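The structure displayed is predicted, hence computed values, not measured ones. Proteins come first, then strands; the chains are lettered A, B, ... in the order of their sequence lines, and each starts at number 1.
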There are 2 protein chains.
Amino acid sequence: MRTEGRAKRLPRAVRERQIMDAAVDVFSRLGFHSASMDEISEVAGISKPMLYAYLGSKEELFATCIRREATRMMEAIATGVEPDQEPDVQLWSGLRAFFGFVGENRASWQVLHRQASTQGGPFAVELTDMRGRAVSLVAALLTQSTKAPATKLEAESLAAALVGAGESLADWWLDHPEEPAGVVAARLMNLVWMGFGDLVDGNVWHPPSRR
Amino acid sequence: MRTEGRAKRLPRAVRERQIMDAAVDVFSRLGFHSASMDEISEVAGISKPMLYAYLGSKEELFATCIRREATRMMEAIATGVEPDQEPDVQLWSGLRAFFGFVGENRASWQVLHRQASTQGGPFAVELTDMRGRAVSLVAALLTQSTKAPATKLEAESLAAALVGAGESLADWWLDHPEEPAGVVAARLMNLVWMGFGDLVDGNVWHPPSRR
DNA sequence: CCTGGTACCTACTCGCGAGTAAGACTACTC
DNA sequence: GAGTAGTCTTACTCGCGAGTAGGTACCAGG
């Protein structure tokens with residue numbers, strides 16, 4: 001709603017946060033290429049040279065956005081999971097934390113999933129890295145809990161599929177926001193833990209009774 | 001390998017196919033924004049005005065590419081599935097057809113999945129449409145086969161998750177091409193039909209014995 | 001050999017957006 | 001109140017790429 005005039009003087013750290021917030025917003029709406037530095041600076045309420053002085057080039061800025069949002073998300077998930085519980089409970093906690101985060105951070109999710117995965121730029125590294133961490137996490141969970149001997153490749157590919165299912169369901173959820181996070185998470189949990197085979201027969205998974 | 005000179009005169013229909021092939025190739029490698037009409041015309045072996053005369057603007061061209069590749073893929077899947085078999089067999093056939101197609105049409109898949117899903121342009125319609133058809137297909141399969149009463153929303157979201165898992169696994173596969181299509185398809189089949197719960201216990205799904 | 005129509009080209013225009021030069025305004029310090 | 005360090009701006013340059021104007025080669029049929 002600011003129209004014109006000089007921006008109020010603010011310490012660098014504060015400005016940088018504002019700019020990052022604006023950048024995530026714009027990138028999430030328009031994608032990397034279509035987002036212009038002019039628009040980001042406008043949304044942030046400052047002029048373009050400030051942008052360059054503080055955050056560097058457009059690619060650097062984007063990479064920084066991804067790193068920040070990825071970290072926030074991974075932390076949200078990690079704090080939701082307790083590592084010495086049963087595998088299914090761990091998975092359940094992770095899923096709930098994931099959908100909880102997405103629900104409260106639509107823009108972050110858009111940047112992370114839709115935008116970053118596309119371009120083969122230098123920032124793809126950041127994204128691939130985060131996704132890799134997520135996949136490894138799930139793969140480890142699976143490997144550790146399975147009794148049947150499973151190859152590394154097998155666990156990894158299953159984890160990739162699961163992560164993809166989560167991403168896709170999160171996207172679907174953006175178009176059906178009336179559903180609560182817990183319900184969506186529970187559905188995915190049932191799919192990947194019970195499988196269609198059981199669901200078709202009416203067998204569902206439910207969390208262990210409280211306490 | 002053509003360096004210069006006038007291109008050989010060819011009937012319009014043939015040229016259009018050549019151009020489309022070139023466009024799919026370039027779009028798949030660079031994405032919509034980074035791909036330039038200059039490069040596409042160069043790869044196609046003709047000059048830019050021809051491109052515009054035949055296929056219209058860049059956006060129209062891209063939309064046309066998506067439509068063509070989407071149709072090819074949906075047909076490949078449809079011909080692989082026989083609609084009055086058991087649900088699990090139908091799903092299995094569909095998955096095999098899908099991974100078979102992706103394996104033999106990397107470029108098409110890149111265009112369809114990575115590139116098209118990103119941009120919010122007018123072509124997003126084409127993509128959303130195809131994805132929607134795939135989701136409906138799976139949702140119908142699920143609804144029809146389940147005994148427990150399931151809401152439309154529930155079936156649709158599960159289908160979305162499954163489709164997403166397939167997409168994600170296909171992407172993972174691009175980075176691990178040494179695995180045969182059937183193995184990858186079987187893994188996903190096991191995940192979504194049996195679920196982790198069963199897999200952890202060593203129960204696997206396998207196709208009904210041949211004949 | 002002319003007349004048209006279709007394939008095809010070179011050589012532009014023109015806007016958009018990344019990045020910058022050069023300076024102006026504010027605030028703190030001694 | 002003069003120096004100086006950090007914040008912030010206006011007003012550019014400049015390349016890239018979408019889209020086009022205005023042709024040239026080639027092949028009919030008359």
Side-chain angles (χ1 to χ4, degrees), chain A residues 1-23 25-27 29-65 115 118-123, chain B residues 2-23 25-27 29-66 115 118-123:
Chain A
M1 297 310 141
R2 76 171 14 268
T3 45
E4 255 331 296
R6 227 175 171 74
K8 196 140 184 276
R9 276 173 80 91
L10 287 178
R12 176 167 183 156
V14 176
R15 269 286 181 245
E16 282 189 353
R17 271 240 310 280
Q18 286 185 359
I19 295 176
M20 293 284 293
D21 292 342
D25 173 40
V26 175
F27 279 135
R29 288 201 325 266
L30 306 179
F32 177 74
H33 278 286
S34 304
S36 75
M37 295 298 260
D38 288 271
E39 174 153 3
I40 293 174
S41 67
E42 195 181 340
V43 170
I46 53 151
S47 65
K48 217 166 23 150
M50 290 302 305
L51 203 49
Y52 281 89
Y54 283 176
L55 278 311
S57 73
K58 188 182 181 184
E59 292 197 345
E60 286 176 85
L61 174 60
F62 190 56
T64 308
C65 286
Q115 314 311 339
T118 75
Q119 321 305 335
F123 31 74
Chain B
R2 76 167 19 267
T3 45
E4 253 332 296
R6 230 174 168 75
K8 195 140 181 276
R9 276 173 83 90
L10 286 178
R12 176 165 184 157
V14 176
R15 270 285 181 246
E16 282 189 354
R17 271 241 310 282
Q18 284 184 2
I19 295 176
M20 293 285 292
D21 292 342
D25 174 40
V26 175
F27 280 135
R29 290 201 325 267
L30 305 179
F32 176 74
H33 278 286
S34 303
S36 75
M37 294 298 260
D38 289 270
E39 175 152 2
I40 292 174
S41 66
E42 195 181 341
V43 170
I46 53 151
S47 66
K48 214 162 32 143
M50 289 303 304
L51 202 48
Y52 281 89
Y54 284 177
L55 278 311
S57 74
K58 188 183 182 184
E59 291 196 345
E60 287 175 84
L61 173 60
F62 190 57
T64 308
C65 285
I66 293 181
Q115 314 310 341
T118 73
Q119 325 303 337
F123 30 75

Please report, rounded to the nearest Å, how far the C1' atom of D:dA18 is from the CZ atom of B:F62. 16 Å
Mind checking what makes salt bridge (charged side-chain N to carboxylate O under 4.0 Å, His left out) contact with A:E16, not counting sequence neighbours? A:R12
To the nearest angstrom, how far is B:L61 atom CG from D:dG17 atom P? 16 Å
How long is the line joining CG of A:L51 and P of D:dT9, in whole Å? 11 Å
Using modelled atom types only, decide if a donor and an acceptor are shared between the side chain of B:E60 and the backbone of B:S57 within a distance under 3.5 Å. yes
Taken to the nearest whole Å, CD/B:Q18 to P/C:dA7 is 13 Å
Does D:dC8 have its OP1 or OP2 closer than 4.0 Å to a side-chain nitrogen or oxygen of A:R15? yes
Measure from CE on A:M50 to P on C:dA24 and round the result to the nearest Å. 17 Å
Output the rounded distance in Å from CG (A:L55) to P (C:dG19). 13 Å
Measure NE2/A:H33 against C1'/D:dA18 and give the value in whole Å, please. 15 Å
Does B:Y54 have a side-chain nitrogen or oxygen under 4.0 Å from the phosphate oxygens OP1 or OP2 of C:dA7? yes
Atom of A:A7, atom of A:R15 and distance for their closest heavy-atom approach: CB-NH2, 3.2 Å
Counting primed atoms plus P, OP1 and OP2 as sugar-phosphate and everything else as base, spell out the protein contacts along nucleotides 19-24 of chain D at 4.0 Å heavy-atom distance: B, S or - for each nucleotide, 5' to 3'. BBB--B
Nearest-nucleotide comparison on DNA chain D, the residue closer to the 5′ end among B:R9 and B:S36: B:S36
Tightest non-hydrogen contact, residues A:H33 and A:K58, listed as O-NZ, 3.4 Å
Heavy-atom nearest pair, A:S47 first then A:S41, reads C-CB, 3.9 Å
So which of B:L55, B:V43, B:V14, B:T64 actually passes side-chain contact (heavy atoms from CB on, under 4.5 Å) with B:I19? B:L55
In whole Å, I'd like the distance from the NZ atom of A:K8 to the C1' atom of D:dG6. 16 Å
Kindly give the heavy-atom pair with the smallest separation between A:L61 and A:I40, and that separation in Å. CD2-CD1, 4.0 Å
